[in-house]
Chemist: 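Just passing along the structure, written as C-alpha cells.
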Amino acid sequence: MSPRSLLGTDQGSGGAALDLSVRIAGLTLANPVLTASGTFASGREYAGLVDLDRVGAIVTKGVSLEPWAGNPSPRIAETASGMLNSIGLQNPGVEAFIAKDLTWLAAHHPDVPVIVNVSGHTCAEYARVIERLEETEGVAGYEVNISCPNVEHGGMAFGTDRYAAAEVTSACRAATGRPLVVKLSPNVTDVAEIARAVEDAGADCVSLINTLLGMAVDTETFRPMLARVVGGLSGPAIKPVALRMVWQVAGAVDVPVIGMGGIRDARDAAEFMLAGATAVAVGTANFVDPATVTHIVDGLAEFCRTRGIVRVADLTGALVTD
Amino acid sequence: MRMPMCEACGDSGNRDMAVEHVVVRSNDRVCEGVGLMVLEAPATASKVRPGQFVHLRIASDREFMLRRPFSVHRAHGGTLEILYQVLGRGTRAMSLTQREDRMDLIGPLGHGWDIPDGLTHALLVAGGLGAAPLGMLAEELARRGVAATVVMGAPTGERLVARDLFERVARRVEACTDDGSAGEKGFVTVATHRLLDEGGFDMVYACGPEVMAKAVAGQAFEAGVACQVSLERLMACGIGVCLSCVVATVNGQKRACVDGPVFDAREVSWDVSEIPPRH
C-alpha cells in the first residue's frame with residue numbers, strides 16, 4: 001500500500017476489524033506499544049495502576065550478571081520538558097531477576113511478551129546474562145543495552161563505537177536463538193553506521209534512542225544537580241532528535257526499528273511509526289501517568305479508525321516526503 | 001500471623017494505591033514560604049495512614065511534568081491536608097494553585113510510621129517542615145491514648161508550623177528557634193537531649209533536615225529508645241520503579257518511596273553530605 005492510498009478518503013475501513021498487531025524480530029505483538037527499559041521495572045509495581053495484559057511487550061529494567069549498586073544521589077533532576085537521570089543501572093542481578101520478576105510475570109501475566117534488557121561491563125558478561133536466561137521460560141527476547149550513559153565501563157562505551165557495538169552484538173547473538181534487539185545510543189555522530197554494524201552482527205531489531213547526555217546546575221549552591229554531574233536526558237525534550245534518528249536508521253537497515261524518546265500520546269507514537277518504527281516504547285511518561293501505555297494503545301486504534309486505516313502496521317514508514 | 005504478601009506490589013507497602021482525581025478546597029499561606037493545601041480526595045483520605053505520602057501532579061502547563069511527593073499532614077472528612085514549603089519550580093506552581101483547581105495524585109504511598117502496641121509515651125521531633133508527616137501521627141497517637149511530647153524547631157517563632165495542632169493533641173510541646181523569638185533559643189537537639197536524659201519515652205519519631213534526624217537518632221540510640229525517621233528524597237515514579245530515591249541502609253539500598261519514607265533509624269547508613277532536594 002502506498003502512503004498516498006493510506007491517506008485516501010475513498011477506502012474507509014468499512015467496518016473491517018482493526019488490526020493492531022505488529023511483528024518484530026519474529027515476535028507477533030498484540031499492539032505496537034512497549035515499555036521503555038528502566039521506566040517500568042518488570043511491571044509488578046504498576047500492576048495496581050495499569051492493565052499489564054494490554055501492554056504490547058514489557059521491556060524490563062537492565063539486568064546484569066551480578067548485582068549493581070548504581071550511582072550516588074541525587075540521581076535525577078527535572079529540566080524543561082524532560083528529566084535527567086543517573087541511576088547507573090542499579091539492579092539485583094540476573095538470579096534475583098529470575099527468582100522474583102520472571103516468576104511473578106509467568107504466574108500473573110503469562111501472555112505478555114517479556115523482553116529482558118541486558119547489561120554488562122564486558123562482552124562476556126552480556127553473553128553470560130543471556131546464557132543464564134536461556135535456561136528459563138518466559139523470555140520472549142532480549143534487548144542489549146549498549147547505550148546507558150551512566151556507567152563507567154560497558155553501556156554507552158559499546159554503543160558509540162561500531163566495532164565494539166558489533167562485537168557485543170555477536171557475543172549475544174552466539175548465546176541465543178531468541179529475538180535479539182540492540183538498543184542504540186543517540187550520543188554519536190552517525191547513528192545509522194552503528195545500526196548497520198549491529199544488523200550485520202546479527203541483531204534482529206534495533207531500538208532507539210536511549211537518553212541524550214545532559215547536565216543541569218543548581219545556581220543556589222553552584223553544584224551540579226546530579227551527583228555524577230552528567231546524566232541521560234529523556235522526555236518530550238528529546239522527541240525531535242529521537243524521531244530524526246529513527247527516520248535515519250529505518251532508512252539504513254532492513255531489520256525493524258523500535259522507536260522511543262519523549263512519547264506521551266498516540267500522536268507521538270504515530271509520528272515514530274510514520275518515520276519508520278515498527279513499534280514504539282514509552283519511558284518517562286510512565287512516571288507522570290502510569291496509564292500512558294494503555295492510553296496510547298486506545299489512541300492509536302482511534303487514530304487508525306478515523307483515517308480508515310485497518311492495520312496499524314501500515315503506518316510504519318508511511319511518511320510522505322515528496 | 002504474618003500478613004500475606006501483596007501479589008501486585010510484592011514487598012512494597014503500596015497495596016492500597018490508586019490514581020485519584022482531586023479538587024483543591026483551599027490553598028493558604030501559613031507563613032513565609034510555607035503553604036497549606038486542602039484537597040478533596042475521599043478515596044485516599046479513607047486509606048492513608050500516618051507517615052504515608054501522595055504523589056501529586058501539580059503542573060497545568062506541560063513543560064514541567066514530573067509529580068511531586070508530599071507527606072499527608074492530616075486526613076479528615078474526605079480531605080487531605082498538605083503542608084508544603086516553596087523550594088523549587090513544582091512547589092512554586094503549587095503555591096499558585098487556587099480553590100476548585102483540579103489535579104491528580106497517586107496514593108496513598110509508602111511505608112509510614114509504625115505504632116507498636118503498648119506504646120506509652122512518644123517523643124516527636126519536628127525540624128521545620130518535618131512537622132508535615134508528624135501531624136497525622138500526633139492525632140493518631142492521641143486517638144490511641146499514647147502520650148506525646150513534641151519538640152519543634154524553626155528559624156523563627158512565626159515559622160513553627162502546625163504548633164496549634166500539636167498543642168491540641170500532645171501532652172507537651174517544646175519550641176526551639178534560631179533567633180529565640182519563641183521557646184528556647186537554639187537547635188531542637190538541645191531539647192531532645194535533655195528530654196531523653198529525663199527518660200520515660202519508648203519511641204522517638206523524627207522528621208526534619210537530615211543532619212537533625214541523624215543527631216536525634218544518635219541521641220535515641222544512646223538513650224536506648226527506638227527511633228523512626230522520615231526521610232526526603234527526589235522521586236520520579238513514587239512507586240518503586242525508577243530507583244531515584246534510594247537510601248543507603250545497613251541492609252543495602254532501599255527505596256524511600258516504598259520501603260520508606262519512614263525507616264528504623266538504626267537501619268539508616270547516615271550520609272548527610274547529600275544535597276537537600278530542591279524540587
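Sequence lines set the chain letters: A, B, ... in the order given, protein chains first and strands last, and positions in each chain run from 1.
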Chemist: Would you mind checking which part of B/Ala18 comes under 4.5 Å of any heavy atom in chain A, side chain (CB onward), backbone (N, CA, C, O), both or neither?
Modeler: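 The backbone, not the side chain.
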
Chemist: Is it the side chain or the backbone of A/Ala237 that comes within 4.5 Å of chain B heavy atoms, both, or neither?
Modeler: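 When you check distances to chain B, no heavy atom of A/Ala237 falls under 4.5 Å.
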
Chemist: Which atoms form the tightest heavy-atom contact between A/Ala41 and B/Val241, and what is the distance?
Modeler: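 Result for this residue pair: N-CG1, 3.3 Å.
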
Chemist: For residues B/Met235 and A/Ile76, determine if any side-chain heavy atom of one lies less than 4.5 Å from a side-chain heavy atom of the other.
Modeler: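 They are not in contact (no side-chain heavy atoms under 4.5 Å apart), so the answer is no.
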
Chemist: Any side-chain heavy atom of B/Cys242 within less than 4.5 Å of one from A/Thr39?
Modeler: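 No, every pair of side-chain atoms sits at 4.5 Å or beyond.
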
Chemist: So, are B/Arg255 and A/Glu45 salt-bridged, with charged N and O less than 4.0 Å apart?
Modeler: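 A salt bridge is present here (some side-chain N lies under 4.0 Å from a carboxylate O).
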
Chemist: Which heavy atom in A/Gly235 sits nearest to a heavy atom in B/Met65, and how many Å separate them?
Modeler: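 Result for this residue pair: CA-CE, 4.2 Å.
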
Chemist: Would you indicate whether B/Arg29, at its atom CZ, is surrounded by more than 12 heavy atoms from other residues, nucleotides or ligands within a distance under 6.0 Å?
Modeler: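 Enclosed: over 12 neighbouring heavy atoms sit under 6.0 Å from CZ of B/Arg29.
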
Chemist: So which part of A/Thr79 gets closer than 4.5 Å to some heavy atom of chain B, the side chain, the backbone, both or neither?
Modeler: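 The answer is the backbone of A/Thr79.
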
Chemist: Got A/Ser73 and B/Val246 here, is their nearest side-chain heavy-atom distance under 4.5 Å?
Modeler: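 Touching, per the 4.5 Å side-chain cut-off.
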
Chemist: Counting heavy-atom pairs under 4.5 Å with chain B, which one of A/Asn91, A/Leu49, A/Asp289 comes out on top?
Modeler: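 Max contact count across the listed options: A/Leu49.
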
Chemist: Would you mind reporting whether A/Arg75 and B/Leu234 have side-chain heavy atoms less than 4.5 Å apart?
Modeler: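 Sidechains of A/Arg75 and B/Leu234: no contact.
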
Chemist: Determine whether B/Ser244 and A/Asn85 satisfy the following criterion, side chain to side chain contact (heavy atoms under 4.5 Å, CB included), listing intermediate values before the conclusion.
Modeler: CA-CA 8 Å; B/Ser244 304; A/Asn85 88 79; over 6 Å; no

Chemist: Would you give the length of the straight line joining atom CE of B/Met17 to atom OH of A/Tyr46, rounded to the nearest 0.5 angstrom?
Modeler: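 So the CE of B/Met17 and the OH of A/Tyr46 are separated by 9.0 Å.
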
Chemist: Does any heavy atom of chain B fall under 4.5 Å from the side chain of A/Pro72, the backbone, both, or neither of them?
Modeler: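 Neither the backbone nor the side chain of A/Pro72 comes within 4.5 Å of chain B.
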
Chemist: Is a donor on one side and an acceptor on the other found under 3.5 Å between the side chain of A/Gln90 and the backbone of B/Leu243?
Modeler: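 Checking the backbone N and O of B/Leu243 against the side chain of A/Gln90, no donor-acceptor pair under 3.5 Å is found.
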
Chemist: Check B/Arg67 against A/Pro290 and note the closest heavy-atom contact, atom names and distance.
Modeler: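 In terms of heavy atoms, the two residues are closest at NH2-CD, 4.3 Å.
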
Chemist: Taking atom CD as the centre, does B/Glu32 end up with more than 12 heavy-atom neighbours from other residues, nucleotides or ligands that are less than 6.0 angstrom away?
Modeler: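 No, not enclosed.
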
Chemist: If I take atom CZ from residue A/Phe287 and atom CZ from residue B/Arg57, how far apart are they, to the nearest 0.5 angstrom?
Modeler: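 Answer rounded to 0.5 Å: 14.5 Å.
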
Chemist: Could you go through A/Glu78 and B/Arg68, starting from their C-alpha distance and side-chain angles, then the distance that decides it, and tell me whether this counts as side chain to side chain contact (heavy atoms under 4.5 Å, CB included)?
Modeler: CA-CA 11 Å; A/Glu78 187 165 31; B/Arg68 297 291 189 276; 2.6 Å; yes

